[in-house]
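So the structure is just underneath, and the comments pick up after that.
Indexing begins at 1, ligand by ligand and atom by atom, following the structure's order. We count residues from 1, following the sequence as given.
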Amino acid sequence: MSNPNKNQKKKELTVQQKINRRNFISFASFTVLAGGAYGGWRWLYKSPQEAAGGITAGAHKPLRRALNKTELIFRRVFSNNHLVKTYPKSMAARHIRVNSDIGIEAAKKFDPATWTLNVVKKGGEVLNLSLQEIMALPKTEIIYDFKCVEGWDQISHWGGVKFSDFIKHYQLDDYAKMEYVGMETPDKTYYVGLDMPSAMHPQTLLAYEMNDKLLPLEHGAPLRLIIPVKYGIKNLKRIGNMTFSNTRPRDYWAEAGYDYYSGL
Ligand SMILES: Nc1nc2c(c(=O)[nH]1)N[C@H]1C(S)=C(S)[C@@H](COP(=O)(O)O)O[C@H]1N2
Ligand SMILES: [Mo]
């Protein structure tokens with residue numbers, strides 16, 4: 001009768017053998033993985049690039065596909081039922097950071113008295129609305145965490161009319177059935193394109209107040225966009241013109257390579 005323990009002992013590897021074996025396995029795995037990674041990189045590198053001129057010019061097609069996928073997921077998640085987190089008024093910042101002033105530079109003469117919001121309708125007809133008219137619509141307030149793509153965020157308090165209430169009041173429902181709304185500063189130097197579901201989201205405002213007071217010029221007086229489902233870049237200050245379309249309106253930062261959707 002042999003001792004089973006003794007047999008087992010014999011099969012056991014010495015410490016040195018174990019180390020050698022581990023080294024071999026590690027090295028083999030590394031070689032296989034490295035080969036795979038290199039192959040993957042070559043595949044991506046050699047894949048066709050997007051044509052010049054587009055907003056994602058130069059992006060390799062597989063990467064663009066991944067971006068498009070993300071956008072689709074965002075679109076599904078941010079249906080009208082999903083609300084952005086809100087905060088009590090006591091948490092709203094007293095001093096609101098001013099960030100970027102394209103199209104609203106202090107040097108540019110701006111007379112709030114002559115300002116109108118110009119809504120471009122079919123056949124070139126334009127609806128010119130004064131701030132008084134807009135302020136006569138039901139008011140909605142929101143206190144939420146405003147986020148800039150540059151990496152800062154701030155809980156801030158805004159007041160104005162819901163974009164969806166504005167659409168209803170001016171009977172623009174047919175326009176809201178289109179895919180996009182475009183907004184630009186009166187001088188047309190800063191402009192954003194918005195997908196309609198985000199614009200019609202119940203927390204999206206045409207805002208004329210900040211911290212219970214009329215907007216200061218540097219924050220977009222007399223009327224700015226507050227669209228909590230998107231990064232700061234889409235929150236256009238001083239809206240001049242509004243257009244509706246089924247094709248993407250031009251967008252300042254998308255032209256510079258940022259994600260067109262810029263959803264949160
Ligand atoms: N007209 C105009 N609107 C604009 C910008 C701008 O440069 N010009 N910058 C955007 C960016 S990047 C951010 S983060 C917010 C900042 O808004 P705030 O200055 O009220 O904090 O405005 C957005 N709207
Ligand atoms: Mo920003």
Starting from [atom], locate the nearest protein heavy atom and write down its residue, its atom name and how far away it is, to 0.1 Å.
atom	value
atom 10 (C) of ligand 1	Tyr190 OH, 3.5 Å
atom 2 (C) of ligand 1	Ile102 O, 3.3 Å
atom 21 (O) of ligand 1	Arg97 O, 2.6 Å
atom 7 (O) of ligand 1	Ser100 OG, 2.5 Å

Report yes or no: is the cationic atom of [X] (NZ for Lys, CZ for Arg) closer than 6.0 Å to the six-membered ring centre of [Y], at no more than 45° off its axis?
X	Y	value
Arg224	Trp158	yes
Lys213	Tyr208	no
Arg250	Tyr191	yes
Lys230	Tyr261	yes

Point to revise | 4.0 Å heavy-atom contact, Lys234 with ligand 1 | key: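 No, that is not the case, since the closest heavy atom of the residue is not under 4.0 Å from the ligand.
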Check your understanding: Mind checking whether Tyr231 has a heavy atom under 4.0 Å from ligand 1?
Key ->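 So Tyr231 does not count as touching ligand 1.
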Side chain, backbone, both or neither: which applies to [X] and ligand 1 if a contact is any heavy-atom pair less than 4.0 Å apart?
X	answer
Phe146	side chain
Thr185	side chain
Val149	neither

Practice item. Please indicate whether any nitrogen or oxygen in His219 is less than 3.5 Å from any nitrogen or oxygen in ligand 1. Key: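 Between His219 and ligand 1, an N or O pair is found under 3.5 Å apart.
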Check your understanding: Which atoms form the tightest heavy-atom contact between Asp173 and Ile167, and what is the distance?
Key ->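 Heavy atoms of Asp173 and Ile167 come nearest at N-CG2, 3.9 Å.
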Practice item. Check each of Gln154, Lys147, Lys237 against atom 22 (O) of ligand 1 and report the one with the nearest heavy atom. Key: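 The residue whose heavy atom sits nearest atom 22 (O) of ligand 1 is Lys237.
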Review point. Under 4.5 Å between any side-chain heavy atoms of Leu205 and Val161, yes or no?
Key: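 Leu205 does not reach Val161 side chain to side chain.
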